[in-house]
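Because the structure is predicted, anything quoted here is derived from the model rather than measured.
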Amino acid sequence: MKKFVLATSALAVLLSGCAGMSDTQRNTGIGAGVGALGGAAIGSATGGNSRAIGTGAAVGAAAGALGGYLWSQRMEAQKREMQAATQGTGIAVTQTQNNELKLAIPSDVSFDTGRSTIKPNFVPILNQFANGLRNNPNAEVRIIGHTDSTGTDAINNPLSVERAASTRDYLIARGVPQQAFRIEGRGSREPIADNNNDAGRAQNRRVEIYVGERPQG
């Protein structure tokens with residue numbers, strides 16, 4: 001129990017010192033601290049001896065530190081490249097709170113209504129994106145397809161998956177490793193605009209791409 005209290009106190013000190021850290025340092029540090037605290041609790045629950053507590057804290061710290069993504073110079077460079085490549089297209093390129101690079105791609109750039117075939121003006125953007133991914137062997141890529149509320153779930157759900165799959169397949173054909181990808185289809189379940197008008201439906205028909213970089217082991 002004493003070790004657990006000490007771990008709690010250490011975590012409080014860590015949190016109080018996070019103000020001057022970068023996002024990457026703060027996320028990794030907090031993850032390690034929370035992991036260590038959880039590990040100490042596990043060790044305490046397994047009998048309270050110092051060896052068990054120490055082992056639990058070490059395992060917990062390692063798991064916590066690996067819980068988030070790394071925002072590296074390579075990720076920052078790809079963000080800037082994609083912002084330049086997508087300027088004026090309506091594509092939003094941002095860094096998420098979890099240190100992922102996010103591309104939100106509306107349907108007027110990516111796919112025609114009811115189709116999963118990549119539009120010609122989407123091709124140069126994907127080509128540029130593939131260049132950055134090929135240079136990042138630690139990248140993990142999630143591609144999520146969305147639709148508007150027009151039509152039934154029986155149509156929208158597979159269509160959203162097909163759009164994500166088309167985007168993935170194009171990037172694989174440009175040399176990005178297949179194992180880097182995970183795709184999902186959300187159908188019309190996650191609108192970002194009003195489905196009661198044409199402008200809102202156009203925003204909801206979209207593909208979102210997330211890229212995270214794991215620290216090298």
Kindly give the heavy-atom pair with the smallest separation between [X] and [Y], and that separation in Å.
X	Y	value
Ala154	Pro158	O-CG, 3.1 Å
Pro215	Gly68	CD-O, 4.3 Å
Gly145	Ala164	N-CB, 3.9 Å
Phe111	Thr167	CZ-OG1, 3.6 Å
Ala180	Ala139	CB-O, 3.8 Å
Ala202	Ser107	O-OG, 3.3 Å

Flag for Arg189-Asn156: side-chain donor and acceptor within less than 3.5 Å
no
Polar side chain donor-acceptor pair, Asn136 to Glu213, under 3.5 angstrom
yes
Output yes when a side-chain donor or acceptor of [X] lies under 3.5 Å from a complementary backbone atom of [Y], and no otherwise.
X	Y	answer
Asn135	Asn131	yes
Lys119	Asp108	yes
Ser188	Ser149	no
Ser166	Ser116	yes

State the [atom1]-[atom2] distance between [X] and [Y], to the nearest 0.5 angstrom.
X	Y	atom1	atom2	answer
Leu70	Glu100	CG	CD	12.5 Å
Ile91	Ile125	CD1	CD1	3.5 Å
Ser110	Glu208	OG	CD	11.0 Å
Glu162	Arg115	CD	CZ	11.0 Å
Thr94	Lys102	OG1	NZ	5.5 Å
Asp153	Leu159	CG	CG	12.0 Å

Check whether any side-chain heavy atom of [X] sits under 4.5 Å from a side-chain heavy atom of [Y], and report yes or no.
X	Y	answer
Phe129	Val211	yes
Leu171	Ile143	yes
Arg205	Arg163	yes
Ile192	His146	no
Thr150	Arg201	yes
Pro191	Asp148	no

Please lay out, stage by stage, how Asp112 and Thr117 fare under the test side-chain contact (heavy atoms from CB on, under 4.5 Å).
CA-CA 8 Å; Asp112 287 324; Thr117 304; over 6 Å; no
With clusters defined by side-chain heavy atoms of hydrophobic residues (ILVMFWY) lying less than 4.5 Å apart, directly or transitively, does [Y] cluster with [X]?
X	Y	value
Val93	Leu133	yes
Val109	Val123	yes
Met82	Ile144	no

Of Gln78, Arg80, Lys79, which is the lone residue that meets side-chain hydrogen bond (donor to acceptor under 3.5 Å, both in side chains) with Glu76?
Arg80
Before you tell me yes or no, could you show the steps for Gln95 and Met75 under side-chain contact (heavy atoms from CB on, under 4.5 Å), namely the whole-Å CA-CA distance, both residues' side-chain angles and the distance that decides it to 0.1 Å?
CA-CA 9 Å; Gln95 176 186 355; Met75 291 290 292; over 6 Å; no
Residues Leu101, Tyr210; criterion side-chain contact (heavy atoms from CB on, under 4.5 Å); working and verdict:
CA-CA 6 Å; Leu101 175 63; Tyr210 296 84; over 6 Å; no
Phe181 ring centre to Arg142 NZ or CZ under 6.0 Å, with the angle to the axis within 45°?
no
Test Arg206 against Ile105 for side-chain contact (heavy atoms from CB on, under 4.5 Å), laying out the working first.
CA-CA 6 Å; Arg206 68 196 191 278; Ile105 306 157; 6.0 Å; no
